[in-house]
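To keep things clear, I will list the structure first and then write my remarks on it.
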There are 2 protein chains.
Amino acid sequence: MAITAEALPETTATIADRIFDKLRQAIVEGEIPPGSKISEPVLAARFGISRGPLREAMRRLESSSLVERKPNIGARVITLTSAQLLEIYVIREALEGMAARLAAEQMSDAAIADLKRLLTQHRKDVAQEEWQAYFQKEGDLDFHFRIVQGSGNRRLATILCNDLYHLARMYRCQFGMKSDRARDALKEHELVVDAIAERDGELAEWLMRRHIRASRKATERRLAAMRESL
Amino acid sequence: MAITAEALPETTATIADRIFDKLRQAIVEGEIPPGSKISEPVLAARFGISRGPLREAMRRLESSSLVERKPNIGARVITLTSAQLLEIYVIREALEGMAARLAAEQMSDAAIADLKRLLTQHRKDVAQEEWQAYFQKEGDLDFHFRIVQGSGNRRLATILCNDLYHLARMYRCQFGMKSDRARDALKEHELVVDAIAERDGELAEWLMRRHIRASRKATERRLAAMRESL
DNA sequence: TCTTCGCGCATTGTCGACAATATGCTTGAC
DNA sequence: GTCAAGCATATTGTCGACAATGCGCGAAGA
């Protein structure tokens, strides 16, 4: 499933838009490694296009903060520092907390039932010890994605899905996400959904914020361990 | 004062970047009215540049959601609907609430003292019945700007300052902001700063969220009144 | 008179080439 | 041997021109 706010058609009209999607995917999945310099001529040749559309795509990648550009020097793929990663968690805590509150107030009963079905599937995956696939297949992001969509706030969804989720996914691809938090995370997801089903917005926000805070702290510990073993 | 995350030098290196700033300002201040179609040839001629840099600037404006683009058709300046405006308030409530919490935890004593001085100036302005200049001169946004900077979260600052504040300012320029909420807003600002000075992050977040929620409700009332008188 | 088809025009999308700036390598001097 | 200056090269920034798509006007038919 493509994680974007507006479901974009498979083949967008302009080359620049297609290249933007391809480049974003390549960067997020690590095919173009972080910190590597992006040469316009070689990329244009590699995709068989001219530099014009490529530059337009680069400007959009710059706005998404996936590449850093310095005038007259060039563009490099960003390297997520530990501090920046934690910054993203803080922002997600604020935004997704609000999203959970709104979802509790505005989500349709059908959508909530659908969300419960998703969690049931996740529960089965975890029970069958297949939870390595849980995080790998973006099951976690899928849950958060639905909550954000359920908030009904399109701009909120755009900020999270067009920028922050891609950055989070980039981090996951960078360090092979072998979290042992799947069981805890699933439990926390269930609590959030219960609160949404109860239409308790305040509780839903509180639970979602605690959930993301817990994820952040787990990541913090993992980063500290990595620094330790270095 | 330019409201941007990174203080950009007066004359940026590339034409595309300069045009981006100029166009953003023109759009935000209403010089290019909302909904108007943007013709690449005429704009390029007006600025005396080629279409290449202009298109790159347009791509960035598109990412900032100041213009809407349809492939093979063209770009139009966005028209902020009432619903979209309220969506922005909700996002600001979440993000700036978090920013206030972080500011209470991380802002330096010197910065807090500076912030208090700013409020003293605002208090004098309001007392002298010059508060029409308060909102007009972006005094309100200036306060919020400093809190966000004080959070120490650069990405949070980028989201708010590069996108949301410009949209808020665009709305203010669109409908000539004649709010009678200046006194209440100032009082709420003081409470937030007090909480930050006390290093009470939780209270600072709560007060900031209540402040932005009050602003949103005032805007809601104003929008309803406008619809009524139509 | 209203609708519809088709043509022409304007605008957008794309491309290749030129100019300007930064990088690195070589060469010379100390 | 090391540092600095200058040049060569490659890359970025910008431009003008061509191709493709969408829009509007006019003409023809019902």
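In what follows, chains are A, B, ... by sequence order, proteins preceding strands, each numbered from 1.
- Ion pair Arg55(A)/Glu56(B) flagged as a salt bridge, since at least one NZ, NE, NH1 or NH2 atom sits closer than 4.0 Å to an Asp/Glu carboxylate oxygen.
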ring-ring contact (aromatic ring centres under 6.0 Å, His included) between His211(B) and His189(B), worked out:
CA-CA 8 Å; His211(B) 166 55; His189(B) 288 182; 4.6 Å; yes
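- With respect to the salt-bridge test (charged N to carboxylate O, under 4.0 angstrom), the residues Glu62(B) and Arg59(B) qualify.
- For Arg18(B) and Asp21(B), the salt-bridge test fails: no basic side-chain N is under 4.0 Å from an acidic carboxylate O.
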Output a table of nitrogen or oxygen pairs between the protein and nucleotides 9-16 of chain C separated by less than 3.5 Å.
residue: dT12(C); atom: OP1; partner: Lys37(B); partner atom: NZ; Å: 3.3
residue: dT12(C); atom: OP1; partner: Ile38(B); partner atom: O; Å: 3.2
residue: dT12(C); atom: OP2; partner: Glu40(B); partner atom: N; Å: 3.2
residue: dG13(C); atom: OP1; partner: Asn72(B); partner atom: N; Å: 3.1
residue: dG13(C); atom: OP2; partner: Arg55(B); partner atom: NH1; Å: 2.7
residue: dG13(C); atom: OP2; partner: Arg55(B); partner atom: NH2; Å: 3.2
residue: dG13(C); atom: N7; partner: Arg51(B); partner atom: NH2; Å: 2.8
residue: dG13(C); atom: O6; partner: Arg51(B); partner atom: NH1; Å: 3.1
residue: dT14(C); atom: OP1; partner: Ile15(A); partner atom: N; Å: 2.4
residue: dC15(C); atom: OP2; partner: Ser50(A); partner atom: N; Å: 3.0

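- We find that Arg46(B) and Glu31(B) are joined by a salt bridge, their nearest charged nitrogen and carboxylate oxygen being less than 4.0 Å apart.
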